[in-house]
Amino acid sequence: MTKSTKDRFRPVKSILVSQPKPSDTKSPYFQLAEKYNLKIDFRPFIQVEPVGIRDFRKQKIDILKHTAVIFTSRNAIDHFFKICQELKIEMPADMKYFCISEQTAHYLQKYIVIRKRKLFVGVRTAADLFDYFKKHKGEKYLFPCSDIRKNDIPDFLEKNNIEFTEAIIYHTVAADLSDLKDIKYDILAFYSPSGIKSLIQNFPDFEQGFTRIAAFGPTTSKSVRDQDLILDIEAPMPNAPSMTGALELYIKKVNNV
């Protein structure tokens with residue numbers, strides 16, 4: 001093992017997570033920080049900007065001609081109902097909702113009274129909804145999303161000849177990270193390709209040096225490698241299904257605990 005390779009395994013004291021700080025005081029990140037005496041900061045690398053009502057109208061989408069709505073995030077829910085409010089649209093009681101997770105479904109209650117027979121909930125990923133889509137092929141789906149989104153849901157619906165309309169209701173853009181220019185962390189943790197894109201946009205001359213990079217999901221990992229960066233920590237893995245789990249395994253190894 002060369003000296004430079006050894007240095008990549010130097011102890012971890014600080015982590016920057018490219019997401020908002022968790023509101024749950026029992027977040028695994030806080031437990032990780034306390035357990036290993038780490039400094040863990042949170043900073044969103046991306047931000048969302050709503051599509052204005054004028055630009056939404058240009059998409060020529062009639063919301064009420066659809067019988068089901070697919071939600072994959074809280075952002076999608078917030079921006080969708082904001083547009084409905086501006087258009088003075090009230091969602092019909094028989095509208096069906098397909099949510100990617102329990103958390104997303106729970107958040108939906110902020111805007112509507114949920115009727116169980118009209119709600120279909122996945123566990124964590126888009127693939128969890130595919131069986132529901134097959135069982136409800138006759139629906140006319142509306143998919144509110146960002147201009148940057150994964151292809152899994154549209155690809156599945158197209159492949160199975162299921163009618164759907166994609167509605168761009170917000171844009172995902174790089175956040176201003178200029179205040180981080182002279183701050184160094186042992187690990188940068190990313191959850192999306194957009195986060196990697198933001199890093200490069202903010203710091204086009206970014207040199208990784210001995211900074212370790214953690215990535216969640218295959219598309220994020222690919223984005224790291226596409227930028228010729230070293231991917232040190234990858235999640236999910238069979239022995240670490242979460243980002244915090246993967247980070248803990250790595251910390252145990254390099255911190256000798």
Problem set entry | Step-by-step side chain to side chain contact (heavy atoms under 4.5 Å, CB included) determination, Y36 to V12 | CA-CA 9 Å; Y36 297 100; V12 171; over 6 Å; no
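- Between E86 and R57, none of the side-chain N atoms (NZ, or NE/NH1/NH2) sits under 4.0 Å from a carboxylate O, so this pair counts as no salt bridge.
- Contact detail for I46 and G195: the closest heavy-atom pair is CG2-N, 4.1 Å.
- F156 and F133 have tilted rings, their planes meeting at an angle from 30° to 60° on a 0 to 90° scale.
- In this structure, the side chains of I230 and I213 stay at 4.5 Å or more apart for every pair of heavy atoms.
- Among Y132, F98, F164, the one residue that satisfies the ring pair (Phe, Tyr, Trp, His ring centres under 6.0 Å) test with Y141 is F98.
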For this session: Please step through side chain to side chain contact (heavy atoms under 4.5 Å, CB included) for the pair T72 and T104, ending with a clear verdict.
Result: CA-CA 7 Å; T72 57; T104 307; over 6 Å; no
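- The two residues K65 and K140 come nearest to each other via the heavy atoms O-CD, 3.5 Å.
- Between the side chains of Y111 and D78, at least one donor-acceptor pair of N or O atoms lies under 3.5 Å.
- Scanning both residues, R149 and C145, for their nearest heavy atoms gives CG-SG, 4.1 Å.
- Follow the hydrophobic side-chain contacts under 4.5 Å out from M243 and you never reach L231; the two are in separate clusters.
- S146 places no side-chain N or O within donor-acceptor distance of the main-chain N or O of H171, the cut-off being under 3.5 Å.
- In the hydrophobic clustering of this structure, I251 does not group with L188; members are Ile, Leu, Val, Met, Phe, Trp, Tyr whose side-chain heavy atoms approach within less than 4.5 Å, directly or through other members.
- Put simply, the side chain of V51 does not reach to within 4.5 Å of the side chain of H79, judged on heavy atoms.
- With contacts defined as side-chain heavy-atom distances shorter than 4.5 Å, the pair L64/P92 qualifies.
- Taking each heavy atom of I153 and A126 in turn, the nearest pair found is CG1-CB, 3.6 Å.
- Note: the hydrophobic cluster containing F30 does not contain L16 (ILVMFWY, side chain heavy atoms under 4.5 Å, direct or indirect links).
- Within the 4.5 Å cutoff, side-chain heavy atoms of M91 are placed close to those of Y97.
- By the 4.5 Å heavy-atom criterion applied to side chains, L108 and F81 are counted as neighbours.
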Problem set entry | Residues R43, I183; criterion side chain to side chain contact (heavy atoms under 4.5 Å, CB included); working and verdict | CA-CA 13 Å; R43 177 66 179 276; I183 302 174; over 6 Å; no
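- Going from atom CD1 of I40 over to atom OH of Y185 covers 11.0 Å, rounded to the nearest 0.5 Å.
- F45 and I148 are assigned to two separate hydrophobic clusters, defined by single-linkage of ILVMFWY side chains at heavy-atom distances under 4.5 Å.
- Counted within 6.0 Å of CG on N37, heavy atoms from surrounding residues, nucleotides or ligands total 12 or fewer; the atom is thus considered open.
- Rounding to the nearest 0.5 Å places CD1 of I169 at 11.0 Å from CD1 of I53.
- The minimum heavy-atom distance between P236 and P241, with the atom names listed, is CB-O, 3.3 Å.
- For residues 22-33, the side chain to side chain donor-acceptor pair (under 3.5 Å) pairs, not counting sequence neighbours, are Y29-Y191.
- D186 contributes a side-chain N or O that, together with a main-chain N or O of S14, makes up a donor-acceptor pair within less than 3.5 Å.
- Side-chain atoms of D128 and I100, non-hydrogen and from C-beta on, never get closer than 4.5 Å to each other.
- More than 12 heavy atoms of other residues, nucleotides or ligands sit less than 6.0 Å from atom CD of Q47.
- Using a 4.5 Å heavy-atom threshold, the side chains of F120 and K135 count as separate.
- One distance of note links CD1 of I63 with CD1 of I89; it measures 4.0 Å at 0.5 Å rounding.
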Problem set entry | CA sep, side-chain torsions, deciding dist, call: S73, N75, side chain to side chain donor-acceptor pair (under 3.5 Å) | CA-CA 5 Å; S73 71; N75 277 325; 5.1 Å; no
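- Here the NZ atom belonging to K134 is positioned 11.5 Å from the CG atom belonging to L157, to the nearest 0.5 angstrom.
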For this session: Given side chain to side chain contact (heavy atoms under 4.5 Å, CB included), test R10 with V254 step by step and report yes or no.
Result: CA-CA 6 Å; R10 59 176 60 183; V254 299; over 6 Å; no
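- For the residue pair T172/S194, the side-chain donor-acceptor check at 3.5 Å is not satisfied.
- No single ILVMFWY cluster, assembled from side-chain heavy atoms under 4.5 Å apart, contains both F42 and L199.
- Listed here is the closest heavy atom pair of L142 and A167: CD1-CB, 4.0 Å.
- Considering CD of Q208 and CZ of F210, their distance stands at 10.5 Å, rounded to 0.5 Å.
- The CD1 atom of I168 lies 8.0 Å from the CD1 atom of I61; values are rounded to the nearest 0.5 Å.
- Geometrically, R212 does not engage Y250 in a cation-pi contact defined by less than 6.0 Å to the ring centre and at most 45° from the axis.
- Side-chain contact between T165 and H66: present, with at least one pair of heavy atoms (C-beta onward) separated by less than 4.5 Å.
- Under the rule for a side chain to side chain donor-acceptor pair (under 3.5 Å), N160 has no partner lying at least two apart in sequence or in another chain.
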